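What follows is a short report on a single structure.
All chains are named by letter (A, B, ...) in the order of the sequence lines, taking the proteins before the strands, and each is independently numbered beginning at 1. All values reported here derive from a predicted model rather than from experimental measurement.
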2 protein chains.
Amino acid sequence: MTIRDVAARAGVSPATVSRVFTQPHAVTLQTRQRVMAAADELRYTPHPVARSLARGRTGNLGLIVPDMAIAFSAVITKAVQHQARRDGYALFVADSDDQAQGEDRIAAAMAKQVDGLVLSAPSMSDRQLRELADIAPLVLINRELDGIPAVLMQATDAAGHAVEHLDALGHRELVYLAGPSGYSNAMRQQAFRETSGRLGIPAAELGPFEPTFSAGVRAADLVLATSATAVVAYNDEIAVGVANRLADRGVRVPEDLSIVGFDDTSLAAMVTPRLTTVRLPATAAGAAAVHLLLDTLRGDDVSGRTPVELPAELIVRSSTGPASRTGTT
Amino acid sequence: MTIRDVAARAGVSPATVSRVFTQPHAVTLQTRQRVMAAADELRYTPHPVARSLARGRTGNLGLIVPDMAIAFSAVITKAVQHQARRDGYALFVADSDDQAQGEDRIAAAMAKQVDGLVLSAPSMSDRQLRELADIAPLVLINRELDGIPAVLMQATDAAGHAVEHLDALGHRELVYLAGPSGYSNAMRQQAFRETSGRLGIPAAELGPFEPTFSAGVRAADLVLATSATAVVAYNDEIAVGVANRLADRGVRVPEDLSIVGFDDTSLAAMVTPRLTTVRLPATAAGAAAVHLLLDTLRGDDVSGRTPVELPAELIVRSSTGPASRTGTT
DNA sequence: ATGAAAGCGCTAACAC
DNA sequence: GTGTTAGCGCTTTCAT
């Protein structure tokens, strides 16, 4: 079923059929109806590939995440997909498997069949990012690079609140479990340092750890080897891993040790005790990234804009409590 | 950068350049090298959209999952993506948001720009499925329909093992928490019924529930209103929701109540107590689905094949234990 | 082994 | 408002 078949059946030219599907008002109601009828009978819909070639744009967006098996990535993926669909775009998704190396090749391959690309916390180099930006419009999530539009989840303030929260609970020695190097960890770690420094609380740092449950399990024993009474983990998975191992070693949370995570993935509210965590605006960030991308596609010059910053928020649950007397003694 | 630019620079015809990229051996080593050099200098790569139009195939695969924020879907997505990439295909992913209605529209839209489609646990009607199969080759995961290739995660045996496991622990009254209707729930529920029937254990059923944590929280109180000492939940999320609510009500797991989940999502090993669950071969299923699809694309007639069945496996952890004496008295 | 030419299905000037 | 005519960038017969 091609546009010609429909044209023949409706007794019009292919161009008119095309118009009916692209700018219906440029066609008389009467012929429009005839064309629609013919199209229906033939079960015709425009061939998207041919359309893409003729128009010079595809109607597709691309998204690359570090690892879609991570809950946080899944949330972003869902948000981007949702927003893209609302705006009439389909979505290509790829997972870079955390390999900075493959990431740019995947991205380059994808770049040629989409109108724009959203990169979530990309680990490729600045140079690779710039080369990619030459192929297709880019929007970055949680990564900054001059001249490329970005949306950042601003976790600094909330991370500071987490430390203040622990301070208020009487904790006098903290430890931060670092995640993989990158924008997210840098912001979190820095806020941890600054706030604990400002409050005069001794604060150690361990890691970096993979952002996984099993890394958290491993980290737990390292934490217990210190005299800290509270731990701030790079993300919820690590935090939950710590909690799990502590339970096995008979250390109570929060009575003996308080734990704070990051991301507020669905996991955080499902574990026992429920995890105090910094909620990141992942859904909003996904939507914002798509908006930014569409602005670019519409021709707005977005490259000079300052990154969109979305605030994070400390969610206090049951994994943090008053410092144990023994710990402070 | 089009194929013409490269041709001009290398002093050959566009056809030769095309050959270099599609069937290199049909070209002299010498001219091949000249062409490659020209292509490199011009940073040329073939335009995938134009290529798709000319070839009549896209090199893309599509995947539709009910909800990618569900861990189980994320695992399938990752597996399909991985396997597709290994075979040189890119992947479109869409989330139907569990709306059977939208699902077929999304699928139809996607069908025209991919060479084949994998549908994970689709909820659309048989008729819609058949219509879709007319547009693009289909492979189903966890859904059966005559003439359409499928891969099924065979959970019946393992579900039976779960009931036997509970029987062996002395449980004399069970309850099943049903999930949304569909292939997965049907198989699980049926195995639950048959095995408990065979063993002569009273077995009630509650639900259907959404396959979510919060539905599990709600279900917990319904379970406590019965005199069952063990519960088999449709999936891990529900199981964890139950466990969470029980903890709040002071009911101990597994001392007072045993819990079994399904899927063995990463969640299962992260909660306290660790969840006994039926592990589904999600990764293998995703890979198998892609294989089946590629067989179809290669022209193998796959429609008459019997569905690929992948076995599930009961993973015993800490959420199941001996029935409490009070429960049996 | 290479080139010329037609065409994949559609859109977009440009005429009428 | 509608038709005619060129392409979009590539692949693929068919010649040579």
*Residue pair A:Thr58, A:Asp115: steps toward the side chain to side chain donor-acceptor pair (under 3.5 Å) verdict*: CA-CA 6 Å; A:Thr58 60; A:Asp115 296 338; 2.9 Å; yes
_Quick one, A:Leu132 with A:Leu119, criterion side-chain contact (heavy atoms from CB on, under 4.5 Å). Give me CA distance, side-chain angles, the key distance, then yes/no._
CA-CA 11 Å; A:Leu132 199 58; A:Leu119 268 42; 3.8 Å; yes
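With D:dT12, D:dG3, D:dG9 as the candidates, the nucleotide lying closest to the side chain of A:Ser13 is D:dG3. Nearest to the side chain of A:Val12, among D:dG9, C:dT11, D:dG3, sits D:dG3. Set against D:dC8, C:dG3, D:dT4, the side chain of A:Ala54 has D:dC8 as its closest nucleotide. Ranking D:dG9, C:dT11, D:dT11 by closeness to the B:Thr2 side chain, first place goes to D:dG9.
Whole-Å rounding puts the B:Gln23 CD to C:dT2 C1' distance at 12 Å. Rounded to an integer number of Å, the gap from CE of B:Met1 to P of D:dG9 is 11 Å. Protein atom NE2 of B:His47 is 18 Å distant from nucleotide atom P of D:dG7, rounded to whole Å. As rounded to whole Å, 14 Å separates atom C1' of C:dG9 from atom CD of B:Gln113. At whole-Å resolution of the value, CG in B:Asp5 and P in D:dC8 are 11 Å apart. Atom CD1 of A:Ile3 and atom P of C:dC8 are 13 Å apart (whole Å).
Residue A:Asp95 forms a side-chain hydrogen bond (donor to acceptor under 3.5 Å, both in side chains) with just one option from B:Lys78, B:Gln81, B:His82, and that option is B:Lys78. Each of A:Asn60, A:Val80, A:Val290, A:Leu297 was evaluated against A:Tyr89; a single residue qualifies, A:Leu297, per the side chain to side chain contact (heavy atoms under 4.5 Å, CB included) test.
A heavy-atom distance below 4.0 Å to DNA chain C is reached by these residues of residues 28-37 of chain B, ordered by number: B:Thr28, B:Thr31.
Atom CE of residue B:Met110 and atom CG of residue A:Leu91 lie 8.0 Å apart, to the nearest 0.5 angstrom.
Nearest heavy-atom pair, B:Ala284 versus B:Leu310, reported as atom, atom and distance to 0.1 Å: C-CD2, 3.8 Å. Of all the heavy atoms in B:Leu152 and B:Arg143, the pair that sits closest is CD2-N, 3.6 Å.
In the interface, the side chain of A:Arg55 is not paired with the base of C:dG9 through any donor and acceptor atom under 3.5 Å apart.
One end of the helix from C:dA1-D:dT16 to C:dC16-D:dG1 points its axis 30° away from the other end's axis, with each axis taken from 5 pairs and the angle rounded to 10°.
A heavy-atom distance below 4.5 Å is not found between the side chains of A:Val35 and A:Val27.
Residue order along DNA chain D, read from the 5' end via each residue's closest nucleotide, puts B:Thr45 first among B:Thr45 and B:Arg19. Mapping B:Leu53 and B:Ala15 onto DNA chain D by nearest heavy atom places B:Leu53 at the nucleotide closer to the 5' end.
No more than 12 heavy-atom neighbours from other residues, nucleotides or ligands sit within 6.0 angstrom of CD on A:Glu210.
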